[in-house]
Structure formats: structure tokens, C-alpha cells
Amino acid sequence: MPILSGDYILSAHEMAGIHEQAFADERPWTSEEFENLISQSNTRSLSVARCFVLGRFVLGELEILTFACAPLDRRQGHASALLLKFLEMASKEGGHSAFLEVASDNLAAIALYNKFAFEQVGCRTDYYKRRDGTCCDALTLQKHLIIGQ
Ligand SMILES: CC(C)(COP(=O)(O)OP(=O)(O)OC[C@H]1O[C@@H](n2cnc3c(N)ncnc32)[C@H](O)[C@@H]1OP(=O)(O)O)[C@@H](O)C(=O)NCCC(=O)NCCS
């Protein structure tokens with residue numbers, strides 16, 4: 001079972017529902033897409049309340065694929081608690097770094113990742129296609145981990 005539980009384990013259907021609420025201006029990921037991801041042995045996820053983080057290990061790097069809190073569950077420290085635990089878990093599993101993409105106009109998420117000392121390593125121009133037809137750059141962020149801690 002690749003999913004690590006937080007307070008409880010979310011189903012693919014629940015993840016899809018939270019994702020749709022959290023990313024209102026982007027194409028929502030379907031339950032099938034989540035099902036496919038969580039069935040893979042290198043996938044990891046943690047959740048608390050209606051907030052979850054999902055990532056996968058590739059060659060010792062934890063790639064954070066998505067991170068979402070339902071609107072009513074925000075600003076209660078859930079994302080911070082999950083990210084702390086997720087990075088600790090990655091280190092303990094031998095991960096040497098964490099990597100993610102974030103929209104350049106997503107100030108809340110950028111503030112969260114700054115708090116955890118992620119550093120910008122790149123920018124993908126017009127990477128995100130919004131439902132209204134506009135585009136937004138993706139910043140690529142990375143954080144080195146101390147293996148085993
Ligand atoms: C980004 C997100 C996961 C943060 O979840 P959260 O549980 O509200 O975050 P926390 O309460 O743990 O806050 C952690 C830090 O994030 C930053 N932050 C969170 N929401 C913020 C906001 N609305 N404005 C500015 N900073 C914000 C702050 O630095 C905060 O630290 P502080 O409380 O000490 O000021 C949530 O806003 C969300 O789901 N957003 C939509 C989906 C998304 O953007 N996901 C990330 C994609 S890369």
C-alpha cells in the first residue's frame with residue numbers, strides 16, 4: 001500500500017473532490033487519475049482534515065505532484081504540518097531532495113514553500129493553461145534534504 005496515512009486515508013474520489021475545489025481555475029484531476037497515481041509503488045501521500053499532499057519518488061527525489069486544502073480547511077496550519085511530515089518521511093526513506101512546480105501568481109503556496117526554504121531553480125513559461133484561456137508561468141522549486149533525518 002503506497003499511501004501513508006495522516007489522520008485518515010483519503011480515497012481517490014475524495015482527493016479529486018478536494019482538488020477540484022482547490023484549483024477552481026484549472027482542469028480538475030479525475031478520480032481515475034488519482035486512482036492511477038496512488039496505485040503506483042513510488043507514490044506517497046499524507047492527509048489531514050480535507051487537505052492532502054501527493055508526491056512520488058523518482059531517483060531519490062520526492063516530486064510533489066499536488067497539494068490541496070479545501071477552502072474551509074485553510075489557514076489552520078494543515079499544509080505546514082503535512083509538508084513538514086512529508087519532507088521528514090522523504091528524508092527517512094533516503095530522499096536527497098524535494099521538487100515541485102507552482103504557478104507564479106500563487107502567492108499563498110509560494111509563501112508556504114518559502115517558509116520551508118524551497119529555492120527557485122527554474123521557470124516554465126506559460127506552463128499552466130487556465131480555464132479562461134489565459135496562461136501562467138510555473139516556477140520550479142527545490143529543497144535539499146538531509147538523508148535520514
Ligand atoms: C497553498 C495551500 C495548500 C496552503 O494551505 P493551508 O493549510 O492554508 O496553509 P497553512 O495554514 O499551513 O499556512 C502555511 C503558510 O502558507 C502561507 N499562506 C497560506 N495561505 C496564505 C494566503 N492566503 N496568503 C498568504 N500566505 C498564505 C503562509 O506563509 C502560511 O504561514 P503562516 O500561517 O505562518 O503565515 C492552500 O492555500 C491551497 O490548497 N491552495 C489552493 C491549491 C494550491 O495552490 N496548492 C499548491 C499548489 S503548488
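Whatever order the structure lists them in is the order used to number ligands and atoms, beginning at 1. As the structure is a prediction and not an experimental result, all values here were calculated from the model.
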Quick one: sort the Phe34 and Phe52 rings into parallel, tilted or perpendicular, breaks at 30° and 60°. perpendicular
Counting only heavy atoms, tell me which of His78, Lys115, Arg75, His19 gets closest to atom 31 (O) of ligand 1. Lys115
Out of Ser80, Ala68, Ala70, indicate the one that has the non-hydrogen atom closest to atom 12 (O) of ligand 1. Ser80
Number the atoms of ligand 1 from 1 as they appear, then name those within less than 4.0 Å of a heavy atom of Glu101, with their elements. 48 (S)
Return the residue, atom name and 0.1 Å-rounded distance of the protein heavy atom closest to atom 17 (C) of ligand 1. Ala108 O, 3.5 Å
Determine, for Glu119 against Lys143, whether the closest basic-nitrogen to carboxylate-oxygen distance falls under 4.0 angstrom. no
For atom 44 (O) of ligand 1, the closest protein heavy atom turns out to be Asn106 ND2, 2.6 Å
Hey, is NE2 on His96 packed in by over 12 heavy atoms from elsewhere, all under 6.0 Å? yes
Going by distance alone, is a donor N or O of one side chain under 3.5 Å from an acceptor N or O of the other, for Glu88 and Ser91? no
To check your reading of the model: name the closest protein heavy atom to atom 39 (O) of ligand 1, its residue, and the distance in Å. Cys69 N, 2.8 Å
Are Arg130 and Asp25 close enough for a salt bridge, meaning some N to O gap below 4.0 Å? yes
Is there side-chain contact between Leu62 and Glu93, with at least one heavy-atom pair below 4.5 Å? no
Under 3.5 Å between some N or O of ligand 1 and some N or O of Phe67? yes
Consider every N or O of Gly77 and every N or O of ligand 1, then say whether any pair is closer than 3.5 Å. yes
Which heavy atom of the protein is the closest neighbour of atom 37 (O) of ligand 1, given with residue, atom name and distance? Arg74 CD, 3.4 Å
Using a 4.0 Å heavy-atom cut-off, which part of Phe116 comes near ligand 1: side chain, backbone, both, or neither? neither
Give the atom numbers and elements of ligand 1 that come within less than 4.0 Å of a heavy atom of Ala79. 3 (C), 4 (C), 5 (O), 6 (P), 7 (O), 9 (O), 12 (O)
Of the listed options Leu65, Ile64, Leu112, closest to atom 15 (C) of ligand 1 (non-hydrogen atoms): Leu112
For Tyr113 and ligand 1, does the shortest N/O to N/O distance drop below 3.5 Å? no
